[in-house]
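Below is one structure, written out as structure tokens; the observations come after it.
Just the heavy atoms: all of them, side chains too, but no hydrogens, waters or symmetry mates, feed the values below.
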Amino acid sequence: MTRRPSPVRVPVLLLTALVLAVTANSPAQAAGYRYWSFWDRTGTHWTYATQGPATSRPADGDVQGFRFAVSEDSADARQPRGPAVDFTSICAKSPAVDGKKRVALVIDFGTASDAPSEETPPARRTACATVSPDATTAEALAAVAKPLRYDPNALLCAIDGYPDQGCGEQTTPAHHEDHALGLTASAAVIALLAAAAVWQARRRGHA
């Protein structure tokens with residue numbers, strides 16, 4: 001004779017299956033890093049710079065940008081935000097100087113969710129650096145956004161003194177934490193539904 005599962009065990013098995021399904025569909029939490037990314041403006045688009053600011057030598061009229069954010073790698077890096085930018089609008093109040101070049105810079109200090117603990121990001125701003133023709137991006141940045149801070153490996157850690165400390169440290173992005181909260185809430189709902197099913201099954205068993 002085939003043994004039928006008890007009415008109590010069925011909801012428990014259902015609960016187990018649902019929890020496993022929710023967990024299986026949750027993405028793995030990837031490590032993020034809090035740092036300044038460096039960008040070149042090409043036409044109307046930002047492209048991740050192929051050189052660091054210490055070796056990049058922009059031409060007169062170039063537009064470059066920096067964005068502070070938490071990201072997993074260069075493919076996940078956040079672009080500078082804000083309205084469309086161009087050299088003319090950024091350097092409109094900085095007339096050309098003989099023997100110098102002008103470089104337009106966009107500095108995006110990021111959002112509060114990307115900021116280190118107890119620090120508030122300044123507002124995004126633009127600047128026009130007038131520097132020598134052979135100046136690097138780092139030198140152009142230093143001309144308009146001191147103090148800069150670097151680590152022993154020449155990684156750019158702070159622009160205009162922000163952030164006050166830290167440099168490329170590993171962190172857990174906020175959106176991963178939000179997902180974890182959502183997963184916990186889903187599991188709680190499933191548990192409540194299963195408990196109700198157990199109670200209903202017991203009522204039938206005693207009927």
Check [X] against [Y] and note the closest heavy-atom contact, atom names and distance.
X	Y	answer
E119	Q165	OE2-N, 3.7 Å
P121	A115	CD-CB, 3.9 Å
G168	Y35	CA-CB, 4.1 Å

Same cluster or not: are V103 and F87 linked, directly or through other Ile, Leu, Val, Met, Phe, Trp or Tyr residues, by side-chain heavy atoms under 4.5 angstrom apart? no
Cluster question for you: counting only ILVMFWY and a side-chain heavy-atom cut-off of under 4.5 Å, with indirect links fine, are L105 and L148 together? yes
Are the side chain of [X] and the backbone of [Y] linked by a donor-acceptor contact shorter than 3.5 Å?
X	Y	result
N153	L155	no
R78	S37	no
K101	P133	yes
E139	T136	yes

In chain order, what residues pass the side-chain hydrogen bond (donor to acceptor under 3.5 Å, both in side chains) check against S89, with sequence neighbours excluded? D86
Those residues at least two apart in sequence (or on a different chain) that pass side-chain hydrogen bond (donor to acceptor under 3.5 Å, both in side chains) with Y162 are none
Do the non-hydrogen side-chain atoms of [X] and [Y] ever get within less than 4.5 Å of each other?
X	Y	answer
R125	D160	yes
L156	L141	yes
R124	I107	no
R34	Q170	no
R41	V85	yes
P53	W36	no

Should we count CD of Q51 as having more than 12 external heavy atoms under 6.0 Å? yes
Below 3.5 Å, can you tabulate the donor-acceptor pairs from side chains in residues 58-67 to any protein atom, sequence neighbours excluded?
unit_1	atom_1	unit_2	atom_2	d
D60	OD1	R102	N	2.7
D62	OD2	A59	N	2.8
Q64	OE1	T137	OG1	2.7
Q64	NE2	D40	OD1	3.0
Q64	NE2	S56	OG	3.3
Q64	NE2	T137	OG1	3.3
R67	NH1	Q79	O	2.8

Hey, would you say the F38 and W46 ring centroids sit under 6.0 Å apart? no
Using the side chain to side chain contact (heavy atoms under 4.5 Å, CB included) criterion, which residues pair with S132? Sequence neighbours excluded. D134, A135
With sequence neighbours left out, which residue pairs that include part of residues 38-85 fulfil the disulfide (SG to SG under 2.5 Å) condition? none
Sort and list the pairs that fulfil disulfide (SG to SG under 2.5 Å) and have at least one residue in residues 127-157, not counting sequence neighbours. C91-C128, C157-C167
Walk me through it: do Y48 and W39 pass the test side-chain contact (heavy atoms from CB on, under 4.5 Å)? CA-CA 5 Å; Y48 198 87; W39 301 81; 3.8 Å; yes
Walk me through it: do F68 and T111 pass the test side-chain contact (heavy atoms from CB on, under 4.5 Å)? CA-CA 8 Å; F68 188 77; T111 65; over 6 Å; no
